[in-house]
Number of protein chains: 2
Amino acid sequence: MTTKVADLAHRLRPLVFRLYYLVRRETPQVQLTLTQGSVLSELLNGGPRRMSTLADLERVRMPTMTDVVRRLERLGLVSRRPDPADGRAVLVEVTEVGQRFHRQLIVAREEFLRERLLELDEHDRTAIEAALPALTKLLRQEIQEDKKEELIRDER
Amino acid sequence: MTTKVADLAHRLRPLVFRLYYLVRRETPQVQLTLTQGSVLSELLNGGPRRMSTLADLERVRMPTMTDVVRRLERLGLVSRRPDPADGRAVLVEVTEVGQRFHRQLIVAREEFLRERLLELDEHDRTAIEAALPALTKLLRQEIQEDKKEELIRDER
DNA sequence: TATTGTTATACTCTATAACTATA
DNA sequence: TATAGTTATAGAGTATAACAATA
């Protein structure tokens with residue numbers, strides 16, 4: 001069982017890349033990468049976020065997120081402003097252009113997935129749908145694991 | 001339903017990165033990236049492969065695969081040899097060192113996933129297990145889709 | 001002194017275009 | 001002429017180390 005899950009995680013890499021290839025093809029106005037799209041979604045679902053929070057959520061280091069946000073800013077999709085609560089911190093938020101663009105992203109993604117899912121039989125579609133809450137839990141759990149590790153690291 | 005699947009694909013990016021972060025930590029002797037690990041697994045499961053086949057499977061262009069294989073070769077994990085059936089083609093295969101290393105990878109991956117899965121309840125584990133064949137079909141289907149597109153492209 | 005974020009630097013991943021060698 | 005692969009080049013993603021500004 002665990003072996004199969006590991007294999008799945010592996011095979012998912014090409015699928016995720018494929019998904020973003022199609023999104024890029026569908027929305028030639030703005031060419032988003034996987035990481036950029038992921039950050040944009042996070043900001044749209046969760047509202048303005050600090051740099052450090054984004055880095056944690058995407059599991060990258062701060063200097064990495066600095067560059068990713070810089071590129072999104074250059075594309076006009078997000079903006080930065082100082083956090084009123086802490087002079088050191090920076091809040092990143094989605095611009096109106098970013099919101100419009102994200103709607104196009106969602107449409108392209110859904111269309112792609114709907115087509116593929118319709119080629120599966122009813123039994124398979126039901127199985128995938130039933131597993132979604134469990135897979136979501138597995139991912140959430142992971143984020144909490146990371147926080148724990150940081151605390152341990154800090155104690156050293 | 002399709003929206004949920006799209007969200008899942010998105011959230012899976014951090015999970016996959018997290019998985020490889022842990023693998024790197026568990027096997028400090030050789031630091032494999034996600035793409036390198038994916039190619040190594042493919043070669044171990046399917047035997048020697050041509051550069052073009054690897055590029056298709058990973059959904060990257062040939063020059064990209066040239067570099068990835070070069071790095072794996074530099075690490076001593078794979079080797080190249082001419083394809084006896086076609087003087088232009090190159091066959092990539094895993095070395096003995098690569099096979100030994102891959103066993104470590106599998107152990108680290110399985111341990112990580114087993115721990116996380118044990119934190120889920122029986123119902124969630126069953127749901128994930130039941131969805132694996134369907135998710136696998138979804139991925140296979142994708143590979144076939146790509147092949148079709150190439151044929152269309154060639155006809156132009 | 002500790003934390004948030006940026007800059008500097010280096011390596012990997014990725015693509016397109018141009019090239020070599022073989023079919 | 002067409003195909004398999006490499007080289008050249010450029011941009012994005014990633015990390016570590018050093019630094020500036022604020023708490």
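Being a predicted model, the structure only gives us computed values, none of them experimental. Proteins come first, then strands; the chains are lettered A, B, ... in the order of their sequence lines, and each starts at number 1.
- At the heavy-atom level, T66(B) lies under 4.0 Å from base atoms of the strands shown.
- If you check dC13(C), dG5(C), dT7(D) against the side chain of Q36(B), the one that comes closest is dC13(C).
- Remark: C1' of dT14(D) and CG of L32(B) are 16 Å apart, rounded to the nearest angstrom.
- Side-chain N or O atoms of T95(A) include one that pairs as donor or acceptor with a backbone N or O of L77(A) at under 3.5 Å.
- Remark: L91(B) CG to R50(B) CZ distance equals 7.0 Å, nearest 0.5 Å.
- Put simply, CG on D67(A) is 11 Å from C1' on dG11(D), counting in whole angstrom units.
- For R80(B), the listed nucleotide lying nearest its side chain is dG5(D); candidates were dA17(C), dG5(D), dT6(C).
- The phosphate of dG13(D) has OP1 or OP2 within less than 4.0 Å of a side-chain N or O from T33(A).
- In this structure, R50(B) atom CZ and dA23(C) atom P are separated by 11 Å, rounded to whole Å.
- Ranked by how close their nearest DNA chain D nucleotide is to the 5' end, G87(A) and V90(B) are led by V90(B).
- Put simply, R61(B) has no side-chain N or O that comes within less than 4.0 Å of OP1 or OP2 on dG5(D).
- As a whole-Å value, the separation of M65(A) CE from dA15(D) P is 9 Å.
- Rounded to whole angstrom, the span from the CG atom of D86(B) across to the P atom of dT3(D) amounts to 12 Å.
- Between the CZ atom of R125(A) and the CG atom of D121(A) there is a distance of 7.5 Å, given to the nearest 0.5 Å.
- The distance from atom CG of D83(A) to atom C1' of dA21(D) is 15 Å, rounded to the nearest whole Å.
- For T35(B), a side-chain nitrogen or oxygen approaches OP1 or OP2 of dT14(C) to under 4.0 Å.
- Distance from the side chain of M51(A) is smallest to dG5(C) among dA12(D), dG5(C), dT22(C).
- The distance between atom CE of M62(A) and atom P of dG13(D), rounded to the nearest whole Å, is 17 Å.
- In the model, T35(A) has no side-chain atom that pairs as donor or acceptor with a side-chain atom of E58(A) under 3.5 Å.
- Remark: T53(B) OG1 to M65(B) CE distance equals 10.0 Å, nearest 0.5 Å.
- In the set dG5(C), dG5(D), dC13(C), dC13(C) carries the atom at the smallest distance from any side-chain atom of V68(B).
- For R74(B), taking side-chain heavy atoms from C-beta onward, the closest of the listed nucleotides dG13(D), dT12(C), dA15(D) is dT12(C).
- Ion pairing of E73(A) with R70(A) is absent here, as no side-chain N (NZ or NE/NH1/NH2) approaches a carboxylate O to less than 4.0 Å.
- Here the side chain of R88(A) is nearest to one of dT7(D), dA15(C), dT22(D), namely dT22(D).
- Proximity note for T64(B) (side chain, C-beta onward) versus dT14(C), dG5(D), dT4(C): the nearest is dT14(C).
- In this structure, D56(A) atom CG and dT3(C) atom C1' are separated by 13 Å, rounded to whole Å.
- Candidate nucleotides dA15(D), dG5(D), dC13(C) were compared by shortest atom distance to the side chain of R71(B), and dC13(C) ranks first.
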